[in-house]
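Working notes for the structure below.
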Amino acid sequence: MVKPRSVTFYANQLCVTPKYLSTVCKQISGRTAFDWINEYVQTDIRHLLKFSQMPIKEIAEALQFPNVSFFGKYCRMRLGQSPTVLRRQLRETPSDTDD
């Protein structure tokens, strides 16, 4: 489930430069490779916060954040809430995947 968060990683996998990968992504989708990577990271964060019983620290480690503090800053900046508040909100909101 853990996906690398580096444009360089994906560019290397495709044998292209990071700049080329971002340029092609931007031309095709209107979004950079970095934007796509962040969207998927945010999806993983939401999923793990809502459906797993893992502590916040373990989620940060599983998603390869350097530490819990950086993970918290990422969540506040990208998702608008701390991981704890976001987890509470996500769990209070019913979804189609709840059964």
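These values consider heavy atoms only, across backbone and side chains, with no hydrogens, waters or symmetry-generated copies.
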Checklist outcome for this item: In this structure, CD1 of I37 is separated from OG of S22 (nearest 0.5 Å) by 7.5 Å
Checklist entry - Is M54 linked to L86 within one hydrophobic cluster, defined over Ile, Leu, Val, Met, Phe, Trp and Tyr using a side-chain heavy-atom separation of less than 4.5 Å? => result yes
Checklist entry - Which distance, rounded to the nearest 0.5 Å, do you find between the OG1 of T93 and the CZ of R46? => result 11.5 Å
Item to check | Interatomic spacing from CG in L63 to CD1 in I45 - rounded to 0.5 Å | outcome: 6.0 Å
Checklist entry - Which value, rounded to the nearest 0.5 Å, describes the distance between D35 atom CG and S29 atom OG? => result 8.0 Å
Next on the checklist: I'd like to know whether R76 forms a side-chain contact (heavy atoms from CB on, under 4.5 Å) with Q81, so could you lay out the CA-CA distance, the side-chain angles of the two residues, the decisive distance to 0.1 Å, and finally the verdict.
Outcome noted: CA-CA 5 Å; R76 282 187 291 279; Q81 299 289 339; 5.9 Å; no
Next on the checklist: With heavy-atom distances below 4.5 Å as the criterion, would you say the side chains of P18 and T8 are in contact?
Outcome noted: yes
Checklist entry - Is L21 reachable from I28 through a run of hydrophobic residues whose side-chain heavy atoms are each under 4.5 Å from the next? => result yes
Checklist entry - For the side chain of R91 and the backbone of L49, is there at least one donor-acceptor N/O pair under 3.5 Å apart? => result yes
Checklist entry - Within the distance-only criterion (no hydrogens, no angle test), does the side chain of K26 pair as donor or acceptor with the backbone N or O of R31 below 3.5 angstrom? => result no
Item to check | Side chain to side chain, H47 and T43, heavy atoms closer than 4.5 Å | outcome: no
Checklist entry - Parallel, tilted or perpendicular: which describes the rings of F65 and F70, with under 30° parallel and over 60° perpendicular? => result tilted
Next on the checklist: Is any side-chain heavy atom of N38 closer than 4.5 Å to one of Y74?
Outcome noted: yes
Next on the checklist: Would a single hydrophobic cluster contain both Y10 and Y40, if residues Ile, Leu, Val, Met, Phe, Trp and Tyr are joined by side-chain heavy-atom contacts under 4.5 Å?
Outcome noted: no
Checklist entry - Do side-chain atoms of R5 reach the backbone of Q64 as a donor and acceptor pair under 3.5 angstrom? => result yes
Next on the checklist: Quick check: do S52 and I59 have side-chain heavy atoms less than 4.5 Å from each other?
Outcome noted: yes
Checklist entry - Would a hydrophobic clustering, with Ile, Leu, Val, Met, Phe, Trp and Tyr connected at side-chain separations under 4.5 Å, put W36 with Y20? => result no
Item to check | CG-CZ distance between L90 and F51, expressed to the nearest 0.5 angstrom | outcome: 8.5 Å
Item to check | Inter-residue atom distance Q42.CD - C75.SG, 0.5 Å rounding | outcome: 9.0 Å
Checklist entry - Which is it for I56 and R87 under the side-chain contact (heavy atoms from CB on, under 4.5 Å) test, yes or no, and what are the steps along the way? => result CA-CA 9 Å; I56 302 296; R87 172 175 264 173; 4.1 Å; yes
